[in-house]
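This report refers to the structure that appears directly beneath it.
Any value given below was found using the heavy atoms of this structure, including those in side chains, with hydrogens, waters and symmetry copies removed. Protein chains get the first letters and strands the later ones, always in sequence-line order, with residue 1 at the start of each. In this text the structure is predicted, and so the values were computed from the model without any measurement.
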Protein chains: 2
Amino acid sequence: MSTRREAVRQALTESSGFRSAQDLYADLRADGSKIGLTTVYRALQALSDSGEVDVLRTDDGEAVYRACDTESHHHHLVCRTCSTAVEIEGPTVERWAAEVGAKHGFTGVTHTVEVFGTCGTCSRRLAQQGSAQQV
Amino acid sequence: MSTRREAVRQALTESSGFRSAQDLYADLRADGSKIGLTTVYRALQALSDSGEVDVLRTDDGEAVYRACDTESHHHHLVCRTCSTAVEIEGPTVERWAAEVGAKHGFTGVTHTVEVFGTCGTCSRRLAQQGSAQQV
DNA sequence: CCAGTTTTGACAATCATTTTCGTTTTCGTG
DNA sequence: CACGAAAACGAAAATGATTGTCAAAACTGG
(Lines give C-alpha, C1' and ligand atoms only; values in the text may rest on other atoms or scores of the structure.)
Protein backbone atom coordinates (compact mmCIF):
# COMPACT_ATOMS: atom_id res chain seq x y z
CA MET A 1 0.00 0.00 0.00
CA SER A 2 2.23 2.74 1.26
CA THR A 3 4.78 4.38 -0.98
CA ARG A 4 7.66 3.30 1.19
CA ARG A 5 6.75 -0.34 1.10
CA GLU A 6 6.37 -0.07 -2.63
CA ALA A 7 9.84 1.43 -2.86
CA VAL A 8 11.31 -1.47 -0.93
CA ARG A 9 9.51 -4.00 -3.09
CA GLN A 10 10.78 -2.16 -6.13
CA ALA A 11 14.38 -2.12 -4.92
CA LEU A 12 14.13 -5.82 -4.23
CA THR A 13 12.70 -6.54 -7.65
CA GLU A 14 15.62 -4.84 -9.34
CA SER A 15 17.93 -7.51 -8.02
CA SER A 16 17.91 -11.12 -9.16
CA GLY A 17 19.52 -12.20 -5.94
CA PHE A 18 18.93 -12.17 -2.24
CA ARG A 19 19.51 -8.86 -0.46
CA SER A 20 19.69 -8.03 3.21
CA ALA A 21 17.70 -5.25 4.84
CA GLN A 22 20.91 -3.29 5.23
CA ASP A 23 21.72 -3.75 1.53
CA LEU A 24 18.33 -2.50 0.47
CA TYR A 25 18.56 0.44 2.83
CA ALA A 26 21.92 1.37 1.30
CA ASP A 27 20.52 0.99 -2.23
CA LEU A 28 17.55 3.20 -1.52
CA ARG A 29 19.60 5.90 0.16
CA ALA A 30 22.06 5.77 -2.72
CA ASP A 31 19.13 6.43 -5.04
CA GLY A 32 18.34 9.54 -3.09
CA SER A 33 15.51 8.20 -0.98
CA LYS A 34 15.17 9.54 2.54
CA ILE A 35 13.77 6.28 3.83
CA GLY A 36 14.78 5.13 7.29
CA LEU A 37 16.25 1.77 8.21
CA THR A 38 13.34 1.02 10.52
CA THR A 39 10.93 1.41 7.67
CA VAL A 40 12.90 -0.93 5.47
CA TYR A 41 12.68 -3.58 8.17
CA ARG A 42 8.98 -2.96 8.61
CA ALA A 43 8.34 -3.19 4.88
CA LEU A 44 10.30 -6.43 4.57
CA GLN A 45 8.45 -7.87 7.53
CA ALA A 46 5.11 -7.04 5.94
CA LEU A 47 6.15 -8.30 2.53
CA SER A 48 7.37 -11.60 3.89
CA ASP A 49 4.29 -12.00 6.07
CA SER A 50 2.10 -11.64 3.02
CA GLY A 51 4.25 -14.11 1.13
CA GLU A 52 5.33 -11.58 -1.46
CA VAL A 53 9.01 -12.10 -0.77
CA ASP A 54 11.06 -15.11 0.27
CA VAL A 55 13.42 -15.00 3.22
CA LEU A 56 16.36 -17.12 4.13
CA ARG A 57 19.29 -16.92 6.50
CA THR A 58 22.90 -16.65 5.49
CA ASP A 59 25.49 -18.75 7.29
CA ASP A 60 26.14 -15.93 9.67
CA GLY A 61 22.49 -15.54 10.56
CA GLU A 62 21.65 -12.46 8.54
CA ALA A 63 18.20 -12.44 6.95
CA VAL A 64 18.16 -11.97 3.18
CA TYR A 65 15.13 -11.36 1.00
CA ARG A 66 14.12 -11.95 -2.59
CA ALA A 67 11.11 -11.00 -4.68
CA CYS A 68 10.30 -14.21 -6.51
CA ASP A 69 8.26 -14.60 -9.67
CA THR A 70 5.97 -17.16 -8.19
CA GLU A 71 4.33 -17.18 -4.80
CA SER A 72 3.89 -20.93 -4.86
CA HIS A 73 6.24 -23.26 -3.02
CA HIS A 74 9.68 -23.47 -4.60
CA HIS A 75 13.37 -23.54 -3.75
CA HIS A 76 16.47 -21.70 -4.89
CA LEU A 77 19.77 -22.29 -6.56
CA VAL A 78 21.91 -19.49 -5.22
CA CYS A 79 25.30 -18.26 -6.42
CA ARG A 80 27.75 -18.05 -3.54
CA THR A 81 29.64 -15.25 -5.23
CA CYS A 82 27.09 -12.84 -6.69
CA SER A 83 24.04 -14.13 -4.82
CA THR A 84 21.97 -14.39 -7.97
CA ALA A 85 19.27 -16.97 -7.53
CA VAL A 86 17.29 -19.23 -9.80
CA GLU A 87 13.91 -20.47 -8.70
CA ILE A 88 13.64 -24.23 -8.86
CA GLU A 89 10.89 -26.77 -8.42
CA GLY A 90 11.53 -30.13 -6.90
CA PRO A 91 8.60 -32.52 -6.93
CA THR A 92 11.06 -35.29 -6.15
CA VAL A 93 12.21 -33.53 -3.05
CA GLU A 94 8.70 -32.64 -1.92
CA ARG A 95 7.71 -36.29 -2.04
CA TRP A 96 10.90 -37.44 -0.39
CA ALA A 97 10.51 -35.03 2.52
CA ALA A 98 6.91 -36.04 3.11
CA GLU A 99 7.83 -39.73 3.07
CA VAL A 100 10.74 -39.33 5.42
CA GLY A 101 8.58 -37.44 7.87
CA ALA A 102 5.77 -39.96 7.72
CA LYS A 103 8.12 -42.91 8.11
CA HIS A 104 9.29 -41.49 11.44
CA GLY A 105 5.82 -40.66 12.67
CA PHE A 106 6.13 -36.90 12.26
CA THR A 107 3.09 -34.79 11.45
CA GLY A 108 2.79 -31.39 9.82
CA VAL A 109 5.97 -31.96 7.86
CA THR A 110 7.60 -29.04 6.08
CA HIS A 111 11.11 -28.59 4.76
CA THR A 112 13.72 -26.12 3.71
CA VAL A 113 15.92 -26.85 0.74
CA GLU A 114 18.44 -24.49 -0.78
CA VAL A 115 21.11 -25.33 -3.29
CA PHE A 116 24.31 -23.28 -3.43
CA GLY A 117 27.05 -23.09 -5.98
CA THR A 118 28.98 -20.74 -8.22
CA CYS A 119 27.02 -19.61 -11.26
CA GLY A 120 28.45 -19.97 -14.76
CA THR A 121 29.40 -16.32 -15.07
CA CYS A 122 31.20 -16.21 -11.75
CA SER A 123 32.84 -19.60 -12.41
CA ARG A 124 34.39 -18.33 -15.62
CA ARG A 125 35.48 -15.06 -14.12
CA LEU A 126 37.07 -16.76 -11.15
CA ALA A 127 38.82 -19.30 -13.36
CA GLN A 128 40.36 -16.51 -15.45
CA GLN A 129 41.49 -14.52 -12.47
CA GLY A 130 42.95 -17.64 -10.98
CA SER A 131 45.07 -18.55 -13.97
CA ALA A 132 46.00 -15.13 -15.38
CA GLN A 133 46.17 -13.10 -12.17
CA GLN A 134 44.02 -10.46 -13.80
CA VAL A 135 42.96 -8.39 -10.87
CA MET B 1 41.45 -31.77 24.10
CA SER B 2 40.71 -29.40 26.91
CA THR B 3 38.37 -30.35 29.73
CA ARG B 4 36.01 -27.51 28.95
CA ARG B 5 35.50 -28.46 25.38
CA GLU B 6 34.88 -32.00 26.51
CA ALA B 7 32.23 -30.75 28.93
CA VAL B 8 30.45 -28.91 26.13
CA ARG B 9 30.59 -31.93 23.87
CA GLN B 10 29.22 -34.01 26.73
CA ALA B 11 26.35 -31.62 27.42
CA LEU B 12 25.49 -31.64 23.75
CA THR B 13 25.56 -35.42 23.58
CA GLU B 14 23.07 -35.68 26.41
CA SER B 15 20.44 -34.08 24.23
CA SER B 16 18.91 -35.70 21.18
CA GLY B 17 17.99 -32.34 19.77
CA PHE B 18 19.58 -29.12 18.69
CA ARG B 19 20.71 -26.75 21.45
CA SER B 20 21.87 -23.17 21.31
CA ALA B 21 25.07 -21.91 22.90
CA GLN B 22 23.00 -20.12 25.50
CA ASP B 23 21.07 -23.31 26.26
CA LEU B 24 24.24 -25.29 26.76
CA TYR B 25 25.73 -22.57 28.92
CA ALA B 26 22.63 -22.64 31.12
CA ASP B 27 22.74 -26.44 31.31
CA LEU B 28 26.37 -26.50 32.31
CA ARG B 29 25.97 -23.79 34.93
CA ALA B 30 22.91 -25.60 36.29
CA ASP B 31 25.10 -28.68 36.68
CA GLY B 32 27.45 -26.65 38.82
CA SER B 33 30.10 -25.95 36.22
CA LYS B 34 31.89 -22.60 36.45
CA ILE B 35 32.35 -22.44 32.70
CA GLY B 36 32.05 -19.07 31.01
CA LEU B 37 29.81 -18.22 28.09
CA THR B 38 32.80 -17.27 25.98
CA THR B 39 34.25 -20.72 26.41
CA VAL B 40 31.03 -22.37 25.37
CA TYR B 41 31.08 -20.35 22.16
CA ARG B 42 34.72 -21.18 21.59
CA ALA B 43 34.14 -24.87 22.16
CA LEU B 44 31.19 -24.97 19.81
CA GLN B 45 33.17 -23.11 17.19
CA ALA B 46 36.00 -25.63 17.43
CA LEU B 47 33.66 -28.59 17.46
CA SER B 48 31.81 -27.43 14.39
CA ASP B 49 35.04 -26.55 12.60
CA SER B 50 36.28 -30.08 13.12
CA GLY B 51 32.96 -31.45 11.95
CA GLU B 52 32.14 -33.08 15.25
CA VAL B 53 28.87 -31.23 15.61
CA ASP B 54 26.29 -30.00 13.14
CA VAL B 55 25.04 -26.44 13.13
CA LEU B 56 21.93 -24.89 11.74
CA ARG B 57 20.06 -21.64 12.13
CA THR B 58 16.64 -21.27 13.66
CA ASP B 59 14.10 -19.04 11.98
CA ASP B 60 15.16 -16.16 14.14
CA GLY B 61 18.80 -16.55 13.25
CA GLU B 62 20.08 -18.24 16.38
CA ALA B 63 22.71 -20.92 15.85
CA VAL B 64 21.85 -24.35 17.25
CA TYR B 65 24.15 -27.33 17.52
CA ARG B 66 23.86 -31.09 17.64
CA ALA B 67 26.28 -33.92 18.25
CA CYS B 68 25.42 -36.40 15.54
CA ASP B 69 26.24 -40.09 15.42
CA THR B 70 27.83 -39.91 12.03
CA GLU B 71 30.24 -37.36 10.69
CA SER B 72 29.35 -38.15 7.12
CA HIS B 73 26.97 -35.98 5.13
CA HIS B 74 23.37 -36.26 6.27
CA HIS B 75 20.28 -34.21 7.00
CA HIS B 76 17.80 -33.92 9.85
CA LEU B 77 14.19 -34.43 10.64
CA VAL B 78 13.59 -32.00 13.48
CA CYS B 79 10.64 -31.76 15.84
CA ARG B 80 9.31 -28.22 15.95
CA THR B 81 8.10 -28.71 19.51
CA CYS B 82 10.81 -30.55 21.42
CA SER B 83 13.63 -30.06 18.90
CA THR B 84 14.52 -33.74 18.92
CA ALA B 85 16.18 -34.66 15.67
CA VAL B 86 16.55 -37.81 13.63
CA GLU B 87 19.47 -38.15 11.26
CA ILE B 88 18.39 -38.97 7.75
CA GLU B 89 20.12 -39.92 4.53
CA GLY B 90 18.84 -38.76 1.21
CA PRO B 91 20.66 -40.18 -1.80
CA THR B 92 17.71 -39.05 -3.89
CA VAL B 93 18.12 -35.50 -2.75
CA GLU B 94 21.88 -35.52 -3.19
CA ARG B 95 21.49 -36.54 -6.79
CA TRP B 96 18.69 -34.10 -7.42
CA ALA B 97 20.66 -31.15 -6.03
CA ALA B 98 23.71 -32.00 -8.12
CA GLU B 99 21.60 -32.29 -11.27
CA VAL B 100 19.76 -29.05 -10.70
CA GLY B 101 23.03 -27.24 -10.17
CA ALA B 102 24.65 -28.72 -13.26
CA LYS B 103 21.64 -28.02 -15.43
CA HIS B 104 21.97 -24.32 -14.66
CA GLY B 105 25.71 -24.23 -15.16
CA PHE B 106 26.62 -23.93 -11.49
CA THR B 107 29.86 -25.39 -10.16
CA GLY B 108 30.84 -26.46 -6.68
CA VAL B 109 27.26 -27.28 -5.83
CA THR B 110 26.29 -27.92 -2.22
CA HIS B 111 22.94 -27.88 -0.51
CA THR B 112 21.15 -27.56 2.79
CA VAL B 113 18.12 -29.68 3.46
CA GLU B 114 16.24 -29.87 6.73
CA VAL B 115 12.86 -31.41 7.34
CA PHE B 116 10.65 -30.11 10.14
CA GLY B 117 7.54 -31.51 11.73
CA THR B 118 6.00 -32.56 15.02
CA CYS B 119 7.30 -35.86 16.31
CA GLY B 120 4.94 -38.68 17.25
CA THR B 121 5.24 -38.06 20.98
CA CYS B 122 4.56 -34.36 20.70
CA SER B 123 1.76 -34.94 18.19
CA ARG B 124 -0.08 -37.20 20.62
CA ARG B 125 0.44 -34.91 23.56
CA LEU B 126 -0.75 -31.88 21.63
CA ALA B 127 -3.78 -33.76 20.32
CA GLN B 128 -4.80 -34.74 23.86
CA GLN B 129 -4.36 -31.28 25.24
CA GLY B 130 -6.34 -29.91 22.37
CA SER B 131 -9.35 -32.18 22.83
CA ALA B 132 -9.44 -32.64 26.62
CA GLN B 133 -8.11 -29.27 27.72
CA GLN B 134 -5.70 -31.03 30.04
CA VAL B 135 -3.33 -28.27 30.91
C1' DC C 1 -8.94 23.49 7.35
C1' DC C 2 -9.74 19.94 11.37
C1' DA C 3 -9.55 15.75 14.34
C1' DG C 4 -8.15 11.06 14.06
C1' DT C 5 -5.57 7.36 12.22
C1' DT C 6 -1.53 5.52 9.90
C1' DT C 7 3.14 5.78 8.51
C1' DT C 8 7.60 7.26 9.23
C1' DG C 9 12.26 7.79 11.03
C1' DA C 10 15.71 9.14 14.68
C1' DC C 11 17.27 7.06 18.51
C1' DA C 12 17.50 3.81 22.21
C1' DA C 13 17.18 -0.93 23.61
C1' DT C 14 17.87 -6.08 22.78
C1' DC C 15 20.25 -10.01 22.21
C1' DA C 16 23.33 -13.40 20.24
C1' DT C 17 27.93 -13.52 19.15
C1' DT C 18 32.77 -11.81 18.99
C1' DT C 19 36.82 -9.22 20.85
C1' DT C 20 39.78 -7.84 24.14
C1' DC C 21 42.80 -8.58 27.66
C1' DG C 22 44.48 -9.82 32.00
C1' DT C 23 44.59 -14.22 34.72
C1' DT C 24 44.97 -19.14 35.36
C1' DT C 25 46.32 -23.81 33.67
C1' DT C 26 48.76 -26.86 31.27
C1' DC C 27 53.18 -28.67 29.77
C1' DG C 28 57.77 -29.49 28.23
C1' DT C 29 62.25 -29.17 29.83
C1' DG C 30 66.16 -28.47 32.77
C1' DC D 1 60.19 -29.68 41.63
C1' DA D 2 60.77 -25.13 39.31
C1' DC D 3 60.28 -22.04 35.40
C1' DG D 4 58.71 -19.83 31.37
C1' DA D 5 56.04 -20.25 27.10
C1' DA D 6 51.81 -21.36 25.14
C1' DA D 7 47.06 -22.54 25.45
C1' DA D 8 42.75 -22.06 27.67
C1' DC D 9 39.65 -19.25 30.53
C1' DG D 10 36.27 -15.92 31.73
C1' DA D 11 34.62 -11.18 32.77
C1' DA D 12 33.55 -7.30 30.62
C1' DA D 13 33.30 -4.38 26.59
C1' DA D 14 32.34 -4.13 21.66
C1' DT D 15 29.73 -5.37 17.53
C1' DG D 16 26.00 -5.68 14.48
C1' DA D 17 21.53 -6.99 13.03
C1' DT D 18 17.00 -6.40 14.42
C1' DT D 19 13.20 -4.48 17.27
C1' DG D 20 10.83 -1.14 20.37
C1' DT D 21 9.65 3.68 21.51
C1' DC D 22 7.71 7.88 20.60
C1' DA D 23 7.03 12.27 18.68
C1' DA D 24 6.60 14.39 14.11
C1' DA D 25 4.71 14.09 9.43
C1' DA D 26 1.43 12.50 5.92
C1' DC D 27 -3.03 11.09 4.79
C1' DT D 28 -8.28 10.53 5.54
C1' DG D 29 -12.91 11.59 5.56
C1' DG D 30 -15.93 15.34 6.75
Side-chain angles (χ1 to χ4, degrees), chain A residues 1-12 15 17-67 78 80 83 112 114, chain B residues 1-13 15 17-67 78 80 83 85 112 114:
Chain A
M1 288 278 174
S2 80
T3 307
R4 292 310 200 191
R5 181 176 311 178
E6 204 45 60
V8 171
R9 191 212 308 275
Q10 176 65 32
L12 202 48
S15 164
F18 281 88
R19 318 293 317 273
S20 71
Q22 309 275 348
D23 286 345
L24 291 167
Y25 172 65
D27 290 352
L28 289 162
R29 298 292 288 203
D31 279 352
S33 169
K34 291 287 181 288
I35 198 170
L37 183 53
T38 308
T39 305
V40 173
Y41 274 104
R42 270 192 293 240
L44 289 171
Q45 180 74 57
L47 289 169
S48 73
D49 281 352
S50 72
E52 291 170 84
V53 306
D54 283 6
V55 195
L56 59 82
R57 296 269 170 184
T58 62
D59 281 344
D60 55 320
E62 191 179 16
V64 286
Y65 306 80
R66 182 174 198 272
V78 188
R80 259 190 298 267
S83 95
T112 66
E114 306 299 335
Chain B
M1 291 274 174
S2 81
T3 306
R4 293 309 199 190
R5 180 176 312 179
E6 205 43 62
V8 171
R9 190 212 308 274
Q10 176 65 33
L12 202 48
T13 304
S15 165
F18 281 88
R19 317 294 317 273
S20 71
Q22 309 275 348
D23 285 345
L24 291 167
Y25 172 65
D27 290 353
L28 289 161
R29 298 292 288 203
D31 280 354
S33 169
K34 292 286 180 287
I35 198 171
L37 184 53
T38 308
T39 305
V40 174
Y41 275 104
R42 270 192 292 240
L44 289 171
Q45 180 75 57
L47 289 169
S48 73
D49 281 353
S50 72
E52 291 170 84
V53 306
D54 284 4
V55 196
L56 58 83
R57 296 269 170 185
T58 63
D59 281 344
D60 54 319
E62 192 179 16
V64 287
Y65 306 80
R66 182 174 197 272
V78 188
R80 260 190 298 267
S83 95
T112 65
E114 306 299 336

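Closest approach to the Arg4(B) side chain among dC9(D), dT18(D), dG9(C) is made by dC9(D) (side chain taken as heavy atoms from C-beta onward). With dT18(D), dG10(D), dG9(C) as the choices, the nucleotide that has an atom nearest any side-chain atom of Leu37(A) turns out to be dT18(D). In the set dT18(C), dG10(D), dG9(C), the nucleotide with an atom closest to the side chain of Arg42(A) is dG9(C).
Map Thr39(A) and Glu62(B) each onto its nearest nucleotide of DNA chain C; the residue landing nearer the 5' end is Thr39(A). Comparing Gln22(A) and Lys34(B) against DNA chain D, the residue whose closest nucleotide sits nearer the 5' end is Lys34(B).
What separates OH of Tyr41(A) from P of dA10(C) is a distance of 15 Å, to the nearest Å. Between the P atom of dA8(D) and the CZ atom of Arg9(B) lies a distance of 14 Å, rounded to the nearest Å. Rounded to whole Å, the distance from CZ on Arg5(B) to C1' on dA8(D) is 10 Å. Distance Leu44(A) CG to dT19(D) C1': 14 Å, rounded to the nearest Å. Remark: P of dG20(D) and CG of Asp60(B) are 12 Å apart, rounded to the nearest angstrom. Atom CG of Leu24(B) and atom C1' of dT17(C) are 14 Å apart (whole Å). Going from atom OH of Tyr25(B) over to atom C1' of dC9(D) covers 12 Å, rounded to whole Å. For the pair Asp59(A) CG and dA17(D) P, the computed distance is 16 Å after rounding to whole Å.
When every heavy atom of Phe18(B) is checked against every heavy atom of Val78(B), the shortest pair comes out as CE1-CG2, 4.0 Å.
Salt-bridge annotation for Asp27(A) and Arg19(A): present, with a side-chain N of the basic residue lying under 4.0 Å from a carboxylate O of the acidic one.
Within 6.0 Å of CG in Asp59(B) there are 12 or fewer heavy atoms belonging to other residues, nucleotides or ligands.
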- Task: Decide yes or no on side-chain hydrogen bond (donor to acceptor under 3.5 Å, both in side chains) for Ser33(B) and Asp31(B), but give the supporting numbers first.
- Result: CA-CA 6 Å; Ser33(B) 169; Asp31(B) 280 354; over 6 Å; no
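Contact of Thr38(A) with dA10(C) (side chain to base): a donor-acceptor pair of N or O atoms is detected under 3.5 Å.
Glu52(B) and Ser50(B) share a side-chain donor-acceptor pair at under 3.5 Å.
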